[in-house]
2 protein chains.
Amino acid sequence: MSISLAIVEDLPEVREGLTQFIALNPEFIILDTFETAEQALGELPSLNPDIVIMDISLPGMSGIECIRRVRKKIPKVQFMMFTVYENDEKVFDALKAGATGYMLKSTGLMQLVEGLKELYNGGSPMSANIARKLVNLFKTEHGDVEPDAALTNRENEVLQLLAKGLLYKEIADQLKISVGTVRQHIHKIYEKLHVQNRTEAINKSIRKVP
Amino acid sequence: MSISLAIVEDLPEVREGLTQFIALNPEFIILDTFETAEQALGELPSLNPDIVIMDISLPGMSGIECIRRVRKKIPKVQFMMFTVYENDEKVFDALKAGATGYMLKSTGLMQLVEGLKELYNGGSPMSANIARKLVNLFKTEHGDVEPDAALTNRENEVLQLLAKGLLYKEIADQLKISVGTVRQHIHKIYEKLHVQNRTEAINKSIRKVP
DNA sequence: CAGGGCGTAGAACTTTCGTTCTATTGAACG
DNA sequence: CGTTCAATAGAACGAAAGTTCTACGCCCTG
């Protein structure tokens, strides 16, 4: 059972290099290659490959936008980013859009081929540098909180209500305490979370837990 | 310049297998090996290796707890998990504790050695299955916010920034428009969403909390 | 080409938020 | 038994947020 591929890559040398190298490997079948996201967008839904190897910087529509749109039509296709971009924004945007593999062009074709197999088997192969970005983000969002940053029970109650968008007065009424106390609790919460306002506090605490 | 290692692993066969295989590779020096987390905890701070290869299931203290404690003393040491555990909780706990590499014992020694090099060079090598867990978590937490159809493009842009907790002034700066306009957009947003303030708007559009 | 939606902008105003300071009570701890 | 901390509370004040009104240029559509 072979793995069917499509390639979206504007540079002819890279595209052909990829095609030829992958063709050496009998597990893969390359169904088609595209130079632009627009072309790919038209053809991919009917091609329905197992995996699309996707560049990011393309003339016209970006590879990321292309993923977003193609996935609406054929959600089970896997996307392997294969690009030079290594900055956080591009990486995270690609993953948000639905890419599940992310290999840098600098890591070489051998690893790419290994990665394609892993991707097909449900893994998320990625260059170690890319994985590090994810790990770092994960740690900033879920990292062990400093001891003094732990909120008290009461503070957590207040935070829950705060997160609903209630006014201080409404929170006070609901908890049967005064507005002054509410203010006090909230002030402490902001202090412990190192934030300046309600929205930041919510983003830092509530939204973290899936 | 060689990479110095320590190994924490209770099973003698695995420990010795690792030692011997890695010894074949001249880039590495194994400073010491430990059978328990407690032993490691005592010795690692003075050994100060570049990388610690860490098992999770150990008699007594777990490898994860060990990482947590060792990192307090020598924060720059890198930890490579090398374990059979593949369930989400263990993986995420290890990463929270400070592990930066996570390879499954099933992936083989060759890849482990490759991973050690990548870890030393600032990457986060991990088995593709482990990376997939991270990617999935990332997507559930940062999943694309499909812009609310009722809002105009501009209004959606403003809402995104509003949701980050930015001040009106900051939103204005970022979008290169005046604060008056920002106020105007936000007012329209609240009107369309039938809400009274920032937090309610975010709950209704982005977080979809009822 | 008139009308409507959109994006822009500012003025004037009220409400809410957030900070700072001070103070009291009760529980926990060594 | 003093100390520390969570929870309570209020006063006073400045900083943002949010409302209301007005206005203009642009583009699209009937």
Side-chain angles (χ1 to χ4, degrees), chain A residues 60-61 65 68 140-141 144-209, chain B residues 72 144-210:
Chain A
M61 188 191 301
E65 183 57 29
R68 216 170 268 133
T140 62
E141 293 187 350
D144 286 340
V145 240
E146 308 116 77
D148 70 311
L151 302 183
T152 67
N153 290 339
R154 200 53 158 173
E155 285 163 357
N156 269 313
E157 279 185 88
V158 173
L159 182 55
Q160 293 307 319
L161 300 177
L162 200 63
K164 290 187 183 171
L166 301 191
L167 302 182
Y168 285 13
K169 167 115 188 43
E170 295 173 324
I171 296 174
D173 288 350
Q174 197 150 330
L175 295 180
K176 306 249 169 48
I177 56 181
S178 81
V179 177
T181 306
V182 172
R183 258 200 296 271
Q184 202 46 237
H185 284 310
I186 293 174
H187 185 60
K188 286 272 190 71
I189 292 170
Y190 292 173
E191 203 172 68
K192 289 181 181 178
L193 298 180
H194 305 118
V195 297
Q196 270 69 48
N197 60 50
R198 182 189 287 235
T199 309
E200 285 180 4
I202 299 168
N203 286 340
K204 251 203 178 155
S205 61
I206 313 278
R207 216 180 167 196
K208 279 201 322 196
V209 189
Chain B
K72 285 189 182 163
D144 260 355
V145 180
E146 48 243 60
D148 199 312
L151 303 182
T152 68
N153 289 339
R154 201 52 159 175
E155 285 162 356
N156 270 309
E157 278 185 87
V158 172
L159 180 56
Q160 294 306 313
L161 300 177
L162 201 62
K164 290 187 184 171
L166 301 191
L167 303 181
Y168 285 14
K169 166 117 186 44
E170 294 173 325
I171 296 173
D173 288 350
Q174 198 151 330
L175 297 179
K176 304 246 170 54
I177 57 181
S178 81
V179 176
T181 306
V182 171
R183 258 201 297 270
Q184 202 46 235
H185 284 310
I186 292 175
H187 185 61
K188 287 273 189 70
I189 292 170
Y190 292 172
E191 205 171 67
K192 289 183 181 176
L193 298 180
H194 308 292
V195 297
Q196 270 70 47
N197 60 51
R198 181 190 286 235
T199 308
E200 286 180 3
I202 298 168
N203 286 341
K204 216 163 207 187
S205 63
I206 294 174
R207 269 197 284 281
K208 317 257 190 212
V209 177

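What you see below is based on every heavy atom in this structure, not just the backbone, and it leaves out hydrogens, waters and symmetry mates. Chain letters run A, B, ... following the sequence lines, proteins first, then strands; residues in each count from 1.
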Separation of atom NE2 in A:His194 from atom C1' in C:dG18, rounded to whole Å: 17 Å
With side chains defined as the heavy atoms from C-beta onward, is the minimum distance between A:His185 and A:Leu175 less than 4.5 Å? no
Assert: residue with more 5' nearest nucleotide on DNA chain C, out of B:Val179 and B:Lys192, is B:Lys192
Atom-to-atom span, CD1 of B:Ile171 to P of C:dG7 - whole angstrom: 15 Å
List, one per line, each side-chain donor-acceptor pair under 3.5 Å for residues 165-172 of chain A, sequence neighbours excluded.
| residue | atom | partner | partner atom | Å |
| --- | --- | --- | --- | --- |
| A:Lys169 | NZ | A:Asp173 | OD1 | 3.2 |
| A:Lys169 | NZ | A:Asp173 | OD2 | 2.9 |
| A:Glu170 | OE1 | A:Leu167 | N | 2.8 |

Provide, to the nearest angstrom, the distance between the CD atom belonging to B:Glu200 and the P atom belonging to C:dT16. 12 Å
Atom CG of B:Asn156 to atom P of C:dC6: distance rounded to whole Å? 12 Å
Find the distance A:His185:NE2 to C:dT19:C1' and express it as a whole number of Å. 16 Å
Verify the contact: side-chain N or O of A:Thr152 to OP1 or OP2 of D:dA7, cut-off strictly under 4.0 Å; return yes or no. yes
With no hydrogens and no angle check, is any side-chain donor or acceptor of B:Lys188 less than 3.5 Å from a backbone partner on B:Glu155? no
Contact letters for nucleotides 15-30 of chain D, in which S counts primed atoms plus P, OP1 and OP2 and B counts the base, heavy atoms under 4.0 Å: -SSBBBB---------
Is the number of heavy atoms from other residues, nucleotides or ligands within 6.0 Å of NZ (B:Lys192) greater than 12? yes
So, OP1 or OP2 of C:dA9: does either fall under 4.0 Å of a side-chain N or O from B:Thr181? yes
Give the C-alpha distance, both sets of side-chain angles, the deciding distance and a yes or no for salt bridge (charged side-chain N to carboxylate O under 4.0 Å, His left out) between A:Arg68 and A:Glu65. CA-CA 5 Å; A:Arg68 216 170 268 133; A:Glu65 183 57 29; 2.6 Å; yes
Sort out for me which residue in B:Thr181, B:Ile186, B:Leu151 forms a side chain to side chain contact (heavy atoms under 4.5 Å, CB included) with B:Val158. B:Ile186
Provide, to the nearest angstrom, the distance between the NZ atom belonging to A:Lys176 and the P atom belonging to D:dA7. 18 Å
Which part of the nucleic acid, if any, lies within reach of A:Ser178 when heavy atoms closer than 4.0 Å are counted: base, sugar-phosphate only, or nothing? sugar-phosphate
